[in-house]
Amino acid sequence: MELPLSPNSLKVRQLVLASSSPRRRELVSSLDLSLPVLILSTDTDERTPPEWAPSHIVEQLALRKAHAAISMLEGELASHSVIIGADTIVVVDGEVLGKPKDEADAADMLLKIQGRQHQVYSGVACIRTQDGLEQVAHRMTLVSMKPLELDRIKRYVATGEPMDKAGSYAIQGLGATLVNGIDGCYFNVVGLPLSLLSDMLSTFGIDVF
């Protein structure tokens, strides 16, 4: 009979952020956690079936990224880690907007969301490597964009800021000037809902303060 692991044996000694996003790195650093944080950029298949709901898309992609990072872990701390995966999408009229392929695609996305409200979904997954325990959840924030003339959209795209952002804008950057207001978590729009993440980490015995 296999005995259950004791709470002490499940002590987490390292956090792993499975993301190449500098914004998520900064947000995790802002939590000032006592654990070392390892950053791993994963290469995961982000294709999803068209029938998946936005909440399911971001949760499953967050899980994929976290699972991909597990196979990259090495060393003594590998079996005492909690992996964090995250994914963000923008949704308007039921259409999912990810990262733009090029400048024309970025301008098309901004034309779709200008002057109206859209939804931003972020999924977060946490996996404890020692026993495989998984937590996955999401948040949704409503964002209202200002009406934007095509010329202003082109000038914003020319800054380069939209090119690696879901929905082609960065609310934490110049894109903040395009936003009228939000209803929900600001950090969810940036790409990592800190309130949700802190609650999830707490279930693994990791408290922000």
Side-chain angles (χ1 to χ4, degrees), residues 4-42 44 54-70 72-90 119-143 164-166 170-173 175-176 179 181-209:
L5 295 170
S6 69
N8 191 49
S9 68
L10 289 172
K11 185 175 178 58
V12 177
R13 299 178 184 171
Q14 173 179 256
L15 278 182
V16 178
L17 176 62
S19 175
S20 59
S21 165
R23 303 169 297 283
R24 294 196 178 106
R25 295 180 188 183
E26 291 171 5
L27 291 176
V28 170
S29 296
S30 73
L31 295 177
D32 198 23
L33 298 167
S34 58
L35 293 170
V37 179
L38 175 66
I39 308 294
L40 289 178
S41 297
T42 60
T44 54
S55 58
H56 193 59
I57 290 173
V58 292
E59 289 188 356
Q60 291 305 306
L61 291 183
L63 268 176
R64 282 185 198 173
K65 293 175 182 178
H67 277 290
I70 291 176
M72 300 168 66
L73 289 177
E74 297 177 341
E76 182 183 351
L77 298 181
S79 60
H80 295 278
S81 301
V82 165
I83 318 292
I84 302 168
D87 191 76
T88 299
I89 58 174
V90 165
Q119 302 164 318
V120 179
Y121 287 83
S122 287
V124 180
C126 295
I127 303 175
R128 185 165 58 196
T129 55
Q130 194 167 6
D131 61 354
L133 178 64
E134 295 181 356
Q135 295 267 347
V136 63
H138 74 276
R139 286 287 183 271
M140 189 276 286
T141 301
L142 293 172
V143 180
D164 62 342
K165 315 294 189 307
I171 196 170
Q172 73 279 13
V179 173
I182 69 170
D183 182 2
C185 174
Y186 165 80
F187 294 108
N188 186 53
V189 185
V190 178
L192 191 63
L194 291 181
S195 176
L196 174 63
L197 176 62
S198 66
D199 289 345
M200 295 172 73
L201 291 177
S202 181
T203 67
F204 295 100
I206 304 168
D207 294 318
V208 174
F209 52 82

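Just so we're clear, the structure is a prediction, and the values are computed from it rather than from any experiment.
Inter-residue side-chain proximity for Val190 and Ile171 is flagged as met; some heavy-atom pair is nearer than 4.5 Å. Contact of the Leu27 side chain with the Phe187 side chain is registered, since non-hydrogen atoms from C-beta on lie closer than 4.5 Å. Residues Leu63 and Ile127 have side chains in contact (heavy-atom distance under 4.5 Å, counting atoms from C-beta outward).
Closest approach of Thr44 and Ala68 over heavy atoms only: CG2-CB, 3.5 Å. Taking all atoms of both residues into account, the shortest heavy-atom contact from Ala78 to Thr129 is O-OG1, 2.8 Å. Between Val189 and Val120, the closest heavy-atom pair is CA-CG1, 3.9 Å. Considering every non-hydrogen atom in both Arg24 and Ser19, the closest pair reads NH1-OG, 3.5 Å.
Annotation: salt bridge (charged side-chain N to carboxylate O under 4.0 Å, His left out) contacts of Arg23 (sequence neighbours excluded): Asp164. Shown here are the side chain to side chain contact (heavy atoms under 4.5 Å, CB included) partners of Met200, two or more places apart in sequence or in another chain: Val124, Cys126, Gln135, Ala137, Leu196. Residues passing the side chain to side chain contact (heavy atoms under 4.5 Å, CB included) test with Leu35, sequence neighbours excluded: Val12, Leu15, Ile206. For Ala62, the side chain to side chain contact (heavy atoms under 4.5 Å, CB included) criterion is met by Ala125, not counting sequence neighbours. Listed by chain and residue number, nothing satisfies the side chain to side chain donor-acceptor pair (under 3.5 Å) test with Lys165 (two or more places apart in sequence, or in another chain). Under the side chain to side chain donor-acceptor pair (under 3.5 Å) criterion, Glu59 pairs with His138, sequence neighbours left out. Shown here are the side chain to side chain donor-acceptor pair (under 3.5 Å) partners of Gln14, two or more places apart in sequence or in another chain: Ser81. For Arg64, there are no side chain to side chain donor-acceptor pair (under 3.5 Å) partners, not counting sequence neighbours.
Between atom OG of residue Ser30 and atom CG of residue Leu194 there is a gap of 5.0 Å, rounded to the nearest 0.5 Å.
For residues 181-202, the side chain to side chain donor-acceptor pair (under 3.5 Å) pairs, not counting sequence neighbours, are Ser122-Asn188, Thr141-Asn188, Ser202-Asp207. Annotation: salt bridge (charged side-chain N to carboxylate O under 4.0 Å, His left out) contacts involving residues 25-36, sequence neighbours excluded, are absent. Counting only residues at least two apart or in different chains, side chain to side chain donor-acceptor pair (under 3.5 Å) contacts with residues 33-42 are absent.
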Worked verdict on Arg13 versus Gln130 for side-chain contact (heavy atoms from CB on, under 4.5 Å): CA-CA 11 Å; Arg13 299 178 184 171; Gln130 194 167 6; over 6 Å; no

